[in-house]
Every structure is written in C-alpha cells, then in structure tokens.
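One structure below.
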There are 2 protein chains.
Amino acid sequence: MTAQNTIVVIDDESQIRKILSITLEAQDYKVIEAAKGKDGIIAVANYHPQLVILDLGLPDKDGFSVLADIRTWSSVPVIILSVRDSEDSIVKALDLGADDYIAKPFNTKELLARIRANIRRVQLIDNESIVENGNLRIDFVKRLVYKNNLELKLTNTEYLLMQIFFKNIDRILTHNFLLKEIWGPTHTEDTQYLRVFIGQLRKKIEDDAANPKYLITDSGVGYRMMAVGN
Amino acid sequence: MTAQNTIVVIDDESQIRKILSITLEAQDYKVIEAAKGKDGIIAVANYHPQLVILDLGLPDKDGFSVLADIRTWSSVPVIILSVRDSEDSIVKALDLGADDYIAKPFNTKELLARIRANIRRVQLIDNESIVENGNLRIDFVKRLVYKNNLELKLTNTEYLLMQIFFKNIDRILTHNFLLKEIWGPTHTEDTQYLRVFIGQLRKKIEDDAANPKYLITDSGVGYRMMAVGN
DNA sequence: CGAATTTATTTACAGCGTATTTATAATCTG
DNA sequence: CAGATTATAAATACGCTGTAAATAAATTCG
C-alpha cells in the first residue's frame with residue numbers, strides 16, 4: 001500500500017529541496033527529501049510515496065538511471081524537473097516512464113496542479129475496471145472497447161494500445177515507451193508500426209479520423225489520449 | 001515559502017547599505033545586509049528573501065558572478081544598482097537574468113516603486129496556473145494560450161516564448177537571455193530567429209501587428225511583454 | 001491437414017508543418 | 001542624415017506523419 005500524501009523529492013540542490021518541502025507541506029503533503037540518487041531510490045522503496053519529484057540535474061549520477069531503476073520495480077508517478085532548453089532530456093525521461101515534466105524555474109500553482117493530476121490518474125485506474133472517455137468505454141476485465149455503447153472489433157495489438165492509452169489519459173506516451181510496452185525492448189526503431197496502428201485505431205474510434213480528438217500526435221515525441229468531455 | 005517582506009542588500013559600500021536599510025525599513029521591509037558577494041549568496045540561500053538588491057561595483061567576487069550563481073538555483077527577483085554610464089554592464093546583467101536595474105545615485109521613490117513592481121510580478125505568477133493580460137490568457141498546466149477566449153494555434157517554439165513572456169510581464173528580456181532559454185547556450189548569435197518568431201507571435205496575438213501593445217521592442221536590447229489593462 | 005481469412009510487418013510515397021535562411025524594406029537612434 | 005537595428009515576406013530545407021498497398025505470418029475453420 002502506498003503512503004497517503006507522501007512525496008519523495010530527489011534533488012541535489014538543497015535550496016530547491018527546501019522550497020519544494022515548504023510548498024508541499026503547506027498543502028499537507030508529507031515530504032521525504034533525498035540529495036543523492038541512491039538515497040532517493042532507497043526512500044522510494046522504504047516509504048512507498050504517492051508521487052516522486054526528480055531533478056534531472058543530479059550530479060551523483062544522472063537522474064535517468066535513478067528513474068530507470070525505480071521503474072524496474074515501481075509504477076509510482078514521477079514528475080521530472082528540468083531546465084527549459086533540454087527538450088532531449090525530457091523525451092529521454094518520458095521514454096523511461098516519467099509521467100510528467102516541469103521546467104525550472106517552476107511556478108508553484110502549476111507544480112501543484114500537475115501533482116494532483118498525476119495522483120488522480122493513478123487512483124482512477126487502480127480502482128476501476130471500466131473507464132469512460134467521451135463516447136468511448138473500455139472494460140479491462142472483458143477486454144472490450146465500446147464506442148457509443150457498440151462493441152468495437154479490435155485486433156489484439158489494437159486492444160493493447162487502447163488499454164495503455166486508457167490507463168494514461170492526458171499523459172504523453174513516447175514512441176519508445178509504447179514500442180517497449182507492446183513489442184518489447186528490441187523494437188525501439190519501429191516507429192512506423194505505431195503510425196500504422198494509430199491510423200487504424202483512429203478509423204475505428206474517431207468521429208473524424210483526419211481530425212482526431214482522442215488520439216493526439218505530439219510530433220517528434222509520441223501520442224497521447226486526450227480527456228474528452230461528454 | 002519565501003520570507004515575507006525580506007530584502008537582501010549586497011553592496012560593498014557601507015554608506016549605501018545604510019541608506020538602503022533605513023529607506024527600506026521605513027517601509028516595513030526586513031533588510032539583510034551583505035558587504036561581500038559570497039556573504040550575499042549565503043544570505044539569499046538562508047533567508048529566501050522576497051527580493052535582492054545587488055550593486056555591480058563589488059570588489060571581491062564581481063557582481064556578475066554573484067548574480068549568475070544565484071540564478072542557478074533561485075528565481076528571486078534581483079535589482080541591479082549601477083553607475084549611470086555603464087550601459088554595457090546593465091545589458092550584461094539582464095543577460096544573466098537580472099530583473100531590473102537602477103542607476104546610482106538613485107531616487108528613493110523610484111527605487112521603492114521598482115521593488116514593489118518586481119515583488120508583485122513574482123507573486124502574480126507564483127500563485128496562478130492561469131494568467132491573464134489584456135485579452136490574452138495562458139494556461140501553464142494545459143500549455144495553451146487564448147486570445148478573447150479562443151485557443152491560439154501556436155507551434156512549440158512560439159509557446160515557449162509566450163510562456164517566458166507571461167512569466168516576466170513588464171520585464172525586459174534581452175536577446176541573449178531569450179536565445180539561451182529557448183535555443184540553449186550555443187545560439188547566442190542568432191538574433192534573427194527572434195525577429196522571425198516575434199513577428200509570427202505578433203500576427204497571432206496583437207490586434208494590430210504593426211503597432212504592438214503586448215510585445216514591445218527595446219531596440220538594441222531585447223523584448224518585453226507589457227502589462228495591458230482590460 | 002490445408003485453404004481461407006485475418007492480422008502483422010514492410011515498403012513506398014505524398015504532404016504537411018515547422019525551423020531556418022535569405023533578401024529586402026522599414027524603422028530607429030545618435 | 002548615416003549606420004545600425006528591426007520587421008516582413010518569401011524561399012528553402014527537412015523531418016515527421018499519415019495513408020495505402022504489398023508481402024509475410026499467424027490464425028481459423030471446414
């Protein structure tokens with residue numbers, strides 16, 4: 001069981017840790033601070049936090065390996081802190097399974113909103129076997145997807161994709177991440193697979209496949225299922 | 001959180017420190033004085049002031065490196081004190097992320113007004129994930145910009161620029177600063193990039209792109225987003 | 001088991017959108 | 001006014017995406 005309202009902050013800069021602690025504690029989160037990546041990993045293992053904030057500028061060794069390590073045994077949501085001009089590191093972190101990112105210097109309200117959103121997503125999925133989004137619905141137990149209450153005929157791969165998207169609504173899923181999840185760690189070059197399957201899915205789930213509102217492209221990065229209202 | 005109403009003054013001239021202290025304390029600011037750059041950095045780290053006043057004429061460490069140091073871990077507003085004839089050092093300080101500058105000998109009323117303005121800007125941004133200016137609005141969480149409540153279609157680079165401008169309303173952002181923030185530390189020569197993108201943004205956000213009221217040019221220095229009333 | 005059918009993988013290509021570069025006109029500043 | 005700076009449009013370059021269609025593999029079913 002995860003510890004309610006506990007957040008682990010992994011950052012080598014004590015100033016930023018302090019600012020984050022004060023900000024988060026004011027919102028009644030319990031904060032565990034770690035200055036080094038190794039300590040951060042141990043803290044996540046011991047405290048089972050509800051969320052992790054990880055600064056990519058760690059000197060100890062790079063934040064990526066910390067994230068990769070955590071991801072081998074935990075699906076706790078991880079928000080990345082990074083400098084603005086490092087688009088590449090953001091994508092690399094998302095590839096490894098980071099849930100969200102925020103650029104330094106960050107704005108407090110934005111950070112809090114992202115924390116809430118990421119915690120909410122995990123709670124939603126953990127407790128539901130059926131999830132709705134717009135006029136779509138997925139049943140994780142029966143492994144079926146419906147559009148306007150009509151069952152869609154999906155192939156196995158198509159269903160796997162839908163499952164991942166429904167479990168990560170509003171989260172950017174990188175090409176690499178999706179390929180690893182579905183085709184395993186070897187096919188990270190085969191982005192074209194994704195294009196073909198995304199295209200097929202759009203034909204089935206979108207009202208207008210040429211102007212998708214569910215499966216959105218983040219050019220150069222990946223795809224994302226948008227939350228759609230009713 | 002930052003310490004309310006606390007200002008750190010970094011200046012090697014005890015006369016000026018004394019004048020500043022008396023002036024600021026009369027306005028109910030708490031003042032921390034530092035004579036040397038190193039002490040100033042430590043003071044900022046320990047007290048988390050709401051604002052910093054930094055004299056560029058420091059002997060021990062030169063003022064620029066003090067500013068650069070602080071900027072690696074803090075976005076606290078920094079007002080530069082400098083002698084009147086040093087246009088170059090002002091631009092250099094703004095490049096490094098100074099928020100404002102004021103020439104010695106300074107006029108008390110003007111100094112207080114600038115202090116208030118710089119504190120206000122940070123408070124405004126820090127407490128909102130949505131910021132309005134005139135008929136524009138930015139949502140830092142959804143990463144969207146609106147004009148008259150209509151979503152604008154911005155490219156990634158255009159959005160990054162808008163984000164920086166909205167986080168720094170009324171502050172002059174130098175070419176170098178903007179180029180570093182968006183294209184990284186290598187492209188500091190490519191001012192033409194900025195001209196092209198600023199032009200594109202004006203077409204999208206201004207009512208009359210030829211007479212901009214949001215994105216103002218400071219010829220030879222940089223650009224600035226003006227606060228616009230409703 | 002083998003043919004028919006579905007699904008996955010590959011190949012090919014057209015088109016779009018964006019960043020960058022170039023060229024030139026307009027404007028600003030001292 | 002002269003030189004520097006800025007604005008604007010247009011051209012270019014290029015990567016990425018989406019679609020279709022061909023081939024291969026897997027699955028279904030009589």
Side-chain angles (χ1 to χ4, degrees), chain A residues 85 87-88 91 94-95 143 145 152-162 172-176 178-184 186-224, chain B residues 84-85 87-88 90-91 143 145 152-162 172-176 178-179 181-184 186-225:
Chain A
D85 61 23
E87 186 75 17
D88 287 352
V91 173
L94 293 174
D95 280 351
R143 295 176 63 92
V145 178
L152 291 180
K153 194 163 155 13
L154 298 183
T155 71
N156 190 46
T157 309
E158 286 166 0
Y159 174 77
L160 288 176
L161 271 167
M162 285 307 279
I172 298 176
L173 304 178
T174 63
H175 301 133
N176 263 305
L178 289 166
L179 288 165
K180 256 190 297 182
E181 287 290 313
I182 296 188
W183 285 272
T186 53
H187 290 73
T188 50
E189 301 300 305
D190 300 319
T191 313
Q192 181 59 13
Y193 285 11
L194 283 176
R195 300 208 182 91
V196 173
F197 279 98
I198 292 287
Q200 280 169 0
L201 277 173
R202 281 180 177 147
K203 273 191 262 187
K204 295 184 180 183
I205 69 174
E206 299 283 355
D207 296 324
D208 174 9
N211 297 87
K213 59 178 185 176
Y214 291 103
L215 293 182
I216 301 301
T217 304
D218 280 278
S219 191
V221 182
Y223 296 91
R224 179 165 44 122
Chain B
R84 195 184 298 285
D85 61 4
E87 186 73 20
D88 286 354
I90 290 170
V91 173
R143 300 190 167 95
V145 178
L152 291 180
K153 200 166 154 2
L154 298 184
T155 70
N156 191 45
T157 308
E158 286 166 359
Y159 174 77
L160 287 177
L161 272 167
M162 284 308 278
I172 299 176
L173 303 178
T174 63
H175 301 134
N176 263 305
L178 289 167
L179 289 165
E181 287 289 314
I182 296 189
W183 284 272
T186 52
H187 290 73
T188 49
E189 300 301 304
D190 300 317
T191 312
Q192 180 61 11
Y193 285 9
L194 281 177
R195 301 209 181 92
V196 172
F197 278 98
I198 293 287
Q200 278 169 0
L201 278 173
R202 281 180 177 148
K203 272 192 264 185
K204 294 184 180 184
I205 69 174
E206 300 283 356
D207 296 324
D208 174 9
N211 298 89
K213 58 179 185 175
Y214 292 103
L215 293 182
I216 301 302
T217 303
D218 280 279
S219 192
V221 183
Y223 297 91
R224 180 164 45 120
M225 172 172 273

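Each chain gets a letter, A, B and so on, in the order its sequence line appears, and its residues count up from 1. Worth saying up front: this structure is predicted, and the values here are computed from it rather than measured.
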Name every residue in residues 192-208 of chain B that has at least one heavy atom under 4.0 Å from any atom of DNA chain C, in order of residue number, or write none if there are no such residues.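 Output list: B:Gln192, B:Tyr193, B:Val196, B:Phe197.
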Within this structure, what is the [atom1]-to-[atom2] distance between [X] and [N], rounded to whole angstrom?
X        : N      : atom1 : atom2 : result
A:Lys153 : C:dT5  : NZ    : C1'   : 10 Å
A:Asn211 : D:dG18 : CG    : C1'   : 13 Å
A:Asp190 : D:dC16 : CG    : P     : 15 Å
A:Glu189 : D:dG15 : CD    : P     : 16 Å
B:Leu160 : C:dT18 : CG    : C1'   : 14 Å
B:Glu158 : C:dT20 : CD    : P     : 12 Å
B:Ile216 : D:dT6  : CD1   : P     : 14 Å
A:Leu161 : C:dA8  : CG    : P     : 10 Å

Distance test, side-chain N/O of [X] to OP1/OP2 of [N], below 4.0 Å:
X        : N      : answer
A:His187 : C:dT9  : no
A:Tyr223 : D:dG18 : yes
A:Thr217 : D:dG18 : yes
A:Trp183 : C:dT9  : yes
B:Thr155 : C:dA19 : yes
A:Thr157 : C:dA8  : yes

Taking [X] for the side chain and [Y] for the main chain, is one N or O donor matched with an acceptor at less than 3.5 Å?
X        : Y        : result
B:Glu158 : B:Phe197 : no
A:Lys203 : A:Ala209 : no
A:Lys180 : A:Asp95  : yes
B:Arg202 : B:Leu215 : yes

Applying side-chain contact (heavy atoms from CB on, under 4.5 Å) to A:Leu173 and A:Glu181, what does each step give before you reach the verdict? CA-CA 10 Å; A:Leu173 304 178; A:Glu181 287 290 313; over 6 Å; no
Evaluate A:Leu201 against A:Leu154 for side-chain contact (heavy atoms from CB on, under 4.5 Å), listing each step before the verdict. CA-CA 8 Å; A:Leu201 277 173; A:Leu154 298 183; 4.1 Å; yes
Distance check, rounded to the nearest 0.5 Å: A:Glu189 atom CD versus A:His175 atom NE2?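 The CD atom of A:Glu189 sits 12.5 Å away from the NE2 atom of A:His175.
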